[in-house]
Amino acid sequence: MTRSQFDMRAKVASLMPAVVAELKEMIAIPSVAFPAFPPEPVRAMADRAVAAFQRYGVPARLQEIPGGYPTVWAEIPGPAGSPTVLLYGHYDVQPAPKEQGWTTEPFVATERDGRIFGRGAADDKSGIAIHLATLAAFDGKPPVGIKLVLEGEEETVSHLEAFVADRPELFHADVMVVADMGNLTVGEPVLSTDLRGHVKAIIELSTLQDPIHSGLFGGAAPDALMALIKLLAQLTDDSGTCVIPGISSAEWQGAEYSEEMLRANAGVLDGVDLIGTGGIAGRLWSKPSISVLGLDCPSVDEGGNVLQPRARAVVAMRIPPGQDENDAMDALIAFLRDRVVGGVHVEVTPNKKSPAFHQGTDGAAFAAMTTALAESYGRDVGRVGSGGSIPLLDELRKASPDADFVLIGAEDAALARIHGPNESVDPGEIEHMALAQVLFISSLAAE
Ligand SMILES: [Zn+2]
């Protein structure tokens, strides 16, 4: 380690108490940007983030986004000839209903077992903390150009995507750092190279004019719910593998994900087989998967002795990088229509699609972050994928087609439980990621 790397490690460490205190204050603000939730906390959170960055000399301000919540924005010009690095995170959070099974108040930061619990502790207020610690370590004057972009609507309908499409020049950068990911395990650094895309369709089957008595007509008159169940059962083979034809699929080439880790992280019950074939990493990151996410039909308590005339389901497919999302949607819709038998009336409506994302590993910035992570953690860096999609990345890539995307963060897969109850973050991950980002920026400046 060089002298300046040593100094930077000490500097980031000295900043951590204040950064963690700030993170706890941010967790206390329920910045849920879903339409049904109050707007005041979302705006309060944006203001809080602006003030936090200003305290360290970063000229942060609000950037209004048409139709949506503002983005926290800062632009710091770098020395002549230095590259521009865009730092992305988001300040909105998922809702946190108590019924999810929270054992602490979701909007009160609570320390336990070396972790900080609370909604947004990891996703993605930890990303804000990483960027805050990074820019604070440079006293607000980093040796490269910086664009800080903290979105207010990542978890809901994003208006930032259209704004980026409208004003791509504002988002032009040489490198994009997306701090909304995490290591598989605390203390073991990884870089995400692939994100699966997502296509969803709603299918409705109809067989009868009205609900009818199951005793008088059962056995001759078809019920729509049974027809729907038979159709949905055809989406996978006996191993649970998606059988929609024409969807690309490959084995994963990077780090492996152990079956034991998957079972623990997903909470698979004892004795229940996993689905799919081949390595776990491939099943999660480089092969398609298909799921039924919801059904409209009578509940068990409300279902009478009645045959259902109509039934509806939402079917969602995750698609690997390299698979076009429009082709995937067409294939899904065609499959659902073609497999309905017996003349049952079928209507399929496309619901949502987001593209998959792939980052090549041969770019200079990707290599620089690999080195910085290895230095910060003192360990080799694995390459992983992610099942979740971030549609905004596609717009950012259009704004800067040549930029390397570096996907990092403190949302570890093992314990962070993002979107679920008892979300938490390990502050050590924030510190390691911030130091890596500081070393990364320093190395870009030195080139
Ligand atoms: Zn997130």
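What you see below is based on every heavy atom in this structure, not just the backbone, and it leaves out hydrogens, waters and symmetry mates. Indexing begins at 1, ligand by ligand and atom by atom, following the structure's order. Source: prediction; values computed, not measured. Residue indices begin at 1 and follow the sequence shown.
- Two rings, from Trp73 and Phe171, have their centers less than 6.0 Å apart.
- Remark: Arg43 is not positioned above the aromatic ring of Tyr69, lacking an NZ or CZ atom under 6.0 angstrom from the ring centre and at most 45 degrees off the axis.
- Counting only residues at least two apart or on different chains, the side chain to side chain donor-acceptor pair (under 3.5 Å) pairs with a member in residues 405-418 are Arg115-Asp412.
- Any protein N/O/S atom under 2.8 Å from the Zn ion (ligand 1) was counted, giving 4 altogether.
- At a threshold of 4.0 Å, the pair Lys11-Asp139 counts as salt-bridged, since one of the basic side-chain nitrogens sits closer than that to a carboxylate oxygen.
- Between Glu169 and Arg167 there is a salt bridge, with a side-chain nitrogen of the basic residue lying less than 4.0 Å from a carboxylate oxygen of the acidic one.
- Lys398 has a carboxylate O that lies under 4.0 Å from a charged side-chain N of Glu395, or vice versa, which qualifies the two as a salt bridge.
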